[in-house]
Protein chains: 2
Amino acid sequence: MSIMKEALKTFEEHLKLNKMRMTQERRQLFSLVMSLKTHFNSEEVLEKIKKKNLQVSRATVYRVLPVLVKANLIQQSLLQEGQAHFEVKWNKDHHDHLICSVCNKIIEFKDNTIEILQREIATKYGFYLEDHVMELVGKCKTCKKN
Amino acid sequence: MSIMKEALKTFEEHLKLNKMRMTQERRQLFSLVMSLKTHFNSEEVLEKIKKKNLQVSRATVYRVLPVLVKANLIQQSLLQEGQAHFEVKWNKDHHDHLICSVCNKIIEFKDNTIEILQREIATKYGFYLEDHVMELVGKCKTCKKN
DNA sequence: CACCTTATTGAGACTAAATCTCAATAAAAA
DNA sequence: TTTTTATTGAGATTTAGTCTCAATAAGGTG
Ligand SMILES: [Zn+2]
Ligand SMILES: [Zn+2]
Ligand SMILES: [Zn+2]
Ligand SMILES: [Zn+2]
């Protein structure tokens, strides 16, 4: 079976499992999105829909992309979650974050081995490294129990 | 010299260096923000301003926070940059990203050692790890030259 | 197939975060 | 003190995304 048919089957099974229906709009979004070779955002999907004269509304795009994420067919970058957020840097060492997906608790940590590996990766690809984000998301000790 | 005075001096030097002026509003924001012990966002700063009856407008808050970032006094999480962004996951292995801050080129990579270390960190803090972001930001080979 | 229940859709109103506009103000240099 | 020009605040605007609700259409059942 072709990769695309398998993916479609996954989608259909996910829908059935969640008492959701396969619609024209979802089929069209599936085909369009799964054919994309690069990163994309919702507005770009919307533009492609208009270029191809497909009949799918903005609201539906914003509704279906999260379904494709849940079905494990696409992934959403964790970058861009809520509003811009800051912390004082002055006089503080660099650190990265563990974030609880339930209670939003933030734990700061630093792992020197990872920091070194990150620099090696940048070098390997010819990048001059300016900054990085590393955020580990999961359930904290407390929220894991419930 | 106290830590705060040093930080203030850094701020003042940054302003002078960029032909910017020290104002009442900037002084007040500096004090308020530098005293924060945790993560915060722009609206929270605005609320604190109102509670303290300080005279600083929303527009100014949104204008000054990036100045403090440029002066290296606070840092902005790279999480939350522009609009939500996706990529096809089906049939693709997990990977992380190198992003060029000039031309926005995205290079995908995976480092197994880092992946393992991330799981160890989660375990150490009692987290059940669900996901992670690691984005290395810098200047790519091409943009480095210019 | 025809019927019925209910999930889904689209248009446009709405929201939240952030940015922009522009006249009035106030640093700070002369 | 005068002059120059960076900065400010109020509110309009933009952008990304969500919500509402009547109309539609899946798809299960007989
Ligand atoms: Zn780090
Ligand atoms: Zn938690
Ligand atoms: Zn990874
Ligand atoms: Zn580049």
Side-chain angles (χ1 to χ4, degrees), chain A residues 8-9 11-33 39-50 52-71 74 76-86 104, chain B residues 8-9 11-33 39-50 52-71 74 76-86 104:
Chain A
L8 180 59
K9 204 174 141 200
F11 187 29
E12 289 169 338
E13 277 164 8
H14 173 85
L15 292 177
K16 186 158 267 177
L17 217 71
N18 292 278
K19 297 189 208 308
M20 297 170 85
R21 294 170 184 177
M22 175 54 88
T23 64
Q24 288 310 315
E25 291 80 3
R26 284 175 182 168
R27 232 187 299 273
Q28 300 202 331
L29 278 172
F30 170 87
S31 302
L32 196 163
V33 160
H39 299 247
F40 57 92
N41 61 42
S42 315
E43 294 299 321
E44 284 164 1
V45 169
L46 206 52
E47 281 165 33
K48 286 180 200 294
I49 284 166
K50 283 184 184 148
K52 298 196 174 188
N53 279 323
L54 303 179
Q55 298 299 312
V56 184
S57 73
R58 155 183 262 88
T60 297
V61 169
Y62 276 95
R63 278 189 288 235
V64 174
L65 288 180
V67 177
L68 292 173
V69 170
K70 281 235 178 81
I74 66 177
Q76 175 169 7
S77 168
L78 297 181
L79 284 183
Q80 211 285 327
E81 287 274 317
Q83 65 201 112
H85 114 245
F86 306 84
N104 295 311
Chain B
L8 181 59
K9 202 174 142 201
F11 186 29
E12 289 169 338
E13 277 165 9
H14 173 86
L15 291 177
K16 185 158 269 178
L17 216 70
N18 292 277
K19 297 187 207 308
M20 296 170 83
R21 295 171 183 174
M22 176 54 89
T23 64
Q24 287 309 314
E25 290 80 3
R26 286 176 181 166
R27 233 186 298 274
Q28 299 201 333
L29 278 172
F30 170 87
S31 300
L32 195 163
V33 160
H39 298 247
F40 59 92
N41 61 44
S42 316
E43 293 299 319
E44 285 164 2
V45 169
L46 206 53
E47 280 165 33
K48 286 180 200 296
I49 285 167
K50 282 183 184 149
K52 298 197 174 188
N53 280 323
L54 303 180
Q55 298 299 311
V56 184
S57 71
R58 156 181 263 90
T60 296
V61 170
Y62 276 95
R63 279 190 287 236
V64 174
L65 289 180
V67 177
L68 292 173
V69 170
K70 282 234 179 81
I74 66 177
Q76 176 169 9
S77 168
L78 297 181
L79 282 183
Q80 210 285 329
E81 285 276 315
Q83 65 202 113
H85 115 245
F86 307 83
N104 294 311

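Given the structure is predicted, the values throughout are model-derived calculations rather than measurements. In what follows, every chain begins at residue 1, and chains take the letters A, B, ... in the order their sequences are listed.
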Taking [atom1] from [X] and [atom2] from [N], how many angstroms apart are they, rounded to a whole number?
X     : N      : atom1 : atom2 : answer
A/E12 : D/dA26 : CD    : P     : 14 Å
B/L46 : C/dA18 : CG    : C1'   : 12 Å
B/Q28 : D/dG9  : CD    : P     : 10 Å
B/K50 : D/dG9  : NZ    : P     : 12 Å
A/Q24 : C/dA7  : CD    : C1'   : 15 Å
B/E43 : C/dT19 : CD    : C1'   : 13 Å
A/Q55 : C/dT8  : CD    : C1'   : 16 Å
B/R26 : D/dG9  : CZ    : C1'   : 14 Å

Determine: side-chain N/O of A/T60 to OP1/OP2 of C/dG10, distance under 4.0 Å, yes or no.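 For C/dG10, OP1/OP2 do have a side-chain N/O of A/T60 under 4.0 Å.
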Residue whose nearest DNA chain C nucleotide is more 5′ - B/E25 or B/Y62: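 This one resolves to B/Y62.
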Which residue lies toward the 5' end of DNA chain C, B/S42 or B/R27, if each is placed at its nearest nucleotide?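 Upstream on the strand: B/S42.
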How sharply is the helix from C/dC1-D/dG30 to C/dA30-D/dT1 bent, taking the axes over five pairs at either end and rounding to 10 degrees?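 The value is 30°.
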Between OG on residue B/S42 and CG on residue B/L65, distance to nearest 0.5 Å: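 If I round to the nearest 0.5 Å, the distance is 5.0 Å.
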Measuring from atom OG of B/S31 to atom CG of B/L8, what distance do you get when rounded to the nearest 0.5 angstrom?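 Here the interatomic distance stands at 7.5 Å.
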Give every pair of a protein N or O atom and an N or O atom of nucleotides 12-15 of chain D that lie under 3.5 Å apart, one pair per line with the distance.
none

Taking N or O atoms only and anything under 3.5 Å, show me the protein contacts with nucleotides 21-24 of chain C, one pair per line.
none

Could you pull out the closest heavy-atom pair between [X] and [Y], with the gap in Å?
X     : Y     : answer
A/V61 : A/L46 : CG2-CD1, 3.6 Å
A/L68 : A/F30 : CD2-CD1, 4.4 Å
B/N18 : B/H14 : ND2-O, 2.7 Å
B/V56 : B/L29 : CG1-CD1, 3.9 Å

Salt bridge (charged side-chain N to carboxylate O under 4.0 Å, His left out): pairs with one or both residues in residues 58-71 of chain B, sequence neighbours excluded: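 Only B/E43-B/R58 qualify under salt bridge (charged side-chain N to carboxylate O under 4.0 Å, His left out).
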For residues 19-28 of chain A, tabulate all N or O donor-acceptor pairs below 3.5 Å that involve a side-chain atom, not counting sequence neighbours.
unit_1 : atom_1 : unit_2 : atom_2 : d
A/T23  : OG1    : A/R26  : N      : 3.1
A/R26  : NH1    : A/R21  : O      : 2.7

Using a heavy-atom distance cut-off of less than 4.0 Å, which residues of residues 14-23 of chain A contact DNA chain C?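 Those residues whose heavy atoms fall under 4.0 Å from DNA chain C, taken from residues 14-23 of chain A in numerical order, are A/K19, A/M20, A/R21, A/T23.
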